[in-house]
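Below is one structure, written out as structure tokens; comments come after it.
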Amino acid sequence: MKLTDSDNDKKWEEQEEETAGVWQKALTTKVLLGVIAVLLIFILVLLTIVVNSRQNRQEKTDSDLQQSITDYAKEQQELEEQVITDDEKEPVEKPPVLDEPAEEEVEEPEEEEEPVSADNEKTAIVVDIEDENDEAYTKEFILKEAYPYFADNKQDAIWDLAHLKRYVKLSKGLEGTGDYYYKGDVDGEGKPHGTGLAIYEKNSYYFGEWSHGVRNGKGTWFRFYINQKNKTNAMGIYMSHSYSGEWADNLPDGQGAEHYDVDISKLAPTQGRILQNVVGPFKKGLYNGEMYANTVDYTGNVQEWDGIAEEGVFTLWRDMSAIGECAVWRYMDDHSVCMDIDKSENKNQGIRELLK
């Protein structure tokens, strides 16, 4: 077949178009490869940056953590050293001054807590810490020590003093002698006259006015039941007994008041009421006239009563002779209620411990 020039030109154009297409494809491929290469490089750079950043952050975190742990350990060590310093280390003692002798530490005796009765009164307990050979055991020292407390009528202090061993011992030494120790004013013959304090046997005391050796005028008598029981105190209910008022010839005589310190914790419901205070006129130590009294029971309930006596013998509020009892005290809130005693006891009613 014979080709014409037109066919050749056409064929040539087709070849050129084909060649151009190949070159265009090659160029496109190169561009794409270039872009891909750039992207890969960019990605690699990003990855490198990210990895380095993570590594830096991790190193910083580890460093911070290590620093925190170090600081914590340091703080704990300082805290432990502080605790040891405060609690375990012994203080440094200063050396004693040579010019002054170091004081010896005196170990003080432990004080025993005094038992208290149900009505908040003290119970009779003898306590002392002194050496019996000490000067404090002499009668002169004891009288001088006690005098101002009796003069000021400080009854709590008087109670405390009377229960000291040296006071009990001094009083006990007088038993059966009929003697007493005295401090105060005297007359020309050396007998108590004026104002003074006397200590008797059986833990008894008197402070007040005297006249030529006898209690006369105004004064107060105390007796403390310390490890002692008698007919009226067989159960230890009474802790002390006192009278304050007028005196004549060594006995209560005139207006006065009698008082018992009562430990109600030792009372039983079956014991009923017991006398605590009696106020009124006295004669030779006996109730004499219109008397007032109050009583207390095991619950602490206080009741008031009145009675009439003549030299220790009560006027009866009702006749109970058939059963051998006497109604001697009348309840002030209800006169139909009376307090009775055995008929044989209606005599010498008064402060019997002081009667001759």
Please name the pair of heavy atoms, one in [X] and one in [Y], separated by the smallest distance, quoted to 0.1 Å.
X      : Y      : value
Ile199 : Leu174 : O-CD1, 3.4 Å
Ile351 : Pro252 : CD1-CG, 3.9 Å
Trp317 : Cys338 : CB-SG, 3.9 Å
Phe222 : Ser242 : CD2-CB, 4.0 Å
Tyr225 : Ser240 : CD1-N, 3.6 Å
Gly219 : Trp247 : O-NE1, 3.0 Å

Interatomic spacing from [atom1] in [X] to [atom2] in [Y] - rounded to 0.5 Å:
X      : Y      : atom1 : atom2 : result
Lys266 : Met239 : NZ    : CE    : 8.5 Å
Leu197 : Phe207 : CG    : CZ    : 7.0 Å
Cys326 : Lys347 : SG    : NZ    : 11.5 Å
Glu325 : Met339 : CD    : CE    : 12.5 Å
Asp297 : Leu267 : CG    : CG    : 8.0 Å
Thr195 : Phe150 : OG1   : CZ    : 14.5 Å

Report yes or no: do [X] and [Y] belong to one cluster of Ile/Leu/Val/Met/Phe/Trp/Tyr joined by side chain heavy-atom distances under 4.5 Å?
X      : Y      : answer
Tyr260 : Tyr298 : yes
Leu275 : Ile237 : no
Tyr182 : Tyr205 : no
Val296 : Val279 : no
Trp159 : Leu164 : yes

Quiz item: Can you name the residues that form a salt bridge (Lys or Arg N to Asp or Glu O under 4.0 Å) with Asp340, not counting sequence neighbours?
Solution: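 Counting only residues at least two positions away or on another chain, Asp340 forms a salt bridge (Lys or Arg N to Asp or Glu O under 4.0 Å) with Arg318.
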Practice problem: Please work out which of the three classes, parallel, tilted or perpendicular, describes the rings of Tyr200 and Tyr180, given edges at 30° and 60°. | Solution: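 Tilted, since the angle between the ring planes falls between 30° and 60°.
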Practice problem: Take Asp306 and Tyr331 through the side chain to side chain contact (heavy atoms under 4.5 Å, CB included) test and state the conclusion after the steps. | Solution: CA-CA 7 Å; Asp306 60 9; Tyr331 186 36; over 6 Å; no
Practice problem: Could you give me the CA-CA distance, side-chain angles and deciding distance for Trp221 and Tyr206, then say whether ring pair (Phe, Tyr, Trp, His ring centres under 6.0 Å) is met? | Solution: CA-CA 4 Å; Trp221 167 84; Tyr206 171 83; 9.5 Å; no
Quiz item: Given Gln349, which of Ile341, Val313, Val278, Val328 fulfils the side chain to side chain contact (heavy atoms under 4.5 Å, CB included) condition?
Solution: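 Among Ile341, Val313, Val278, Val328, the one meeting side chain to side chain contact (heavy atoms under 4.5 Å, CB included) with Gln349 is Ile341.
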Considering only heavy atoms from C-beta outward, does the side chain of [X] approach that of [Y] to under 4.5 Å?
X      : Y      : value
Tyr181 : Ile142 : no
Arg223 : Lys202 : yes
Trp305 : Arg330 : no
Arg215 : Glu209 : no
Ile274 : Tyr238 : yes
Gln155 : Asn153 : yes

Quiz item: Do the side chain of Ser171 and the main chain of Asn203 share a donor and acceptor less than 3.5 angstrom apart?
Solution: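 Checked: pair present.
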Practice problem: Would you check if the side chain of Asp152 reaches a backbone N or O of Lys154 as a donor-acceptor pair within less than 3.5 Å? | Solution: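 Between the backbone of Lys154 and the side chain of Asp152 there is no qualifying donor-acceptor contact (under 3.5 Å).
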Verify the distance criterion only: is there a donor paired with an acceptor across the side chains of [X] and [Y] at less than 3.5 Å?
X      : Y      : result
Ser211 : Asn216 : no
His259 : Gln276 : no
Asp187 : His212 : yes
Ser336 : Asp334 : yes
Tyr167 : Glu145 : yes

Practice problem: Starting from the C-alpha separation in whole Å, work towards a yes-or-no answer on side chain to side chain contact (heavy atoms under 4.5 Å, CB included) for Val168 and His163. | Solution: CA-CA 7 Å; Val168 176; His163 287 76; 5.7 Å; no
Quiz prompt | Exceeds 12 heavy-atom contacts within 6.0 angstrom, atom CD of Gln255 | solution =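 Correct, the count exceeds 12.
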Exercise. Taking atom OH of Tyr149 as the centre, report whether more than 12 heavy atoms of other residues, nucleotides or ligands fall under 6.0 Å from it.
Key: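 No, not enclosed.
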Quiz item: Going through the distances and angles, do Thr299 and Asn301 end up as a side chain to side chain donor-acceptor pair (under 3.5 Å)?
Solution: CA-CA 5 Å; Thr299 67; Asn301 181 47; 5.4 Å; no
Quiz item: Are the aromatic rings of Trp329 and Phe314 close, with centres under 6.0 Å apart?
Solution: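 Here the rings of Phe314 and Trp329 have centres that are less than 6.0 Å from each other.
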Practice problem: Quick one: do Asp185 and His193 satisfy side chain to side chain contact (heavy atoms under 4.5 Å, CB included)? Show the steps, please. | Solution: CA-CA 5 Å; Asp185 301 329; His193 186 78; 5.7 Å; no
Can you give the donor-acceptor pairs under 3.5 Å from side chains of residues 282-292 to other protein atoms, not counting sequence neighbours?
from: Lys283; atom 1: NZ; to: Glu311; atom 2: OE2; distance (Å): 3.1
from: Tyr287; atom 1: OH; to: Glu258; atom 2: OE1; distance (Å): 2.6
from: Asn288; atom 1: OD1; to: Glu311; atom 2: N; distance (Å): 2.8
from: Tyr292; atom 1: OH; to: Glu304; atom 2: OE2; distance (Å): 2.9

Quiz prompt | Residues that, via side-chain heavy atoms closer than 4.5 angstrom, fall in one hydrophobic cluster with Val214 | solution =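 Noted: Val214 shares its cluster with no other residue.
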Practice problem: Evaluate the side chain to side chain contact (heavy atoms under 4.5 Å, CB included) criterion for residues His241 and Glu353: first the C-alpha distance (whole Å), next the side-chain angles of each, then the deciding distance (0.1 Å), finally the verdict. | Solution: CA-CA 9 Å; His241 187 192; Glu353 292 178 287; 2.5 Å; yes
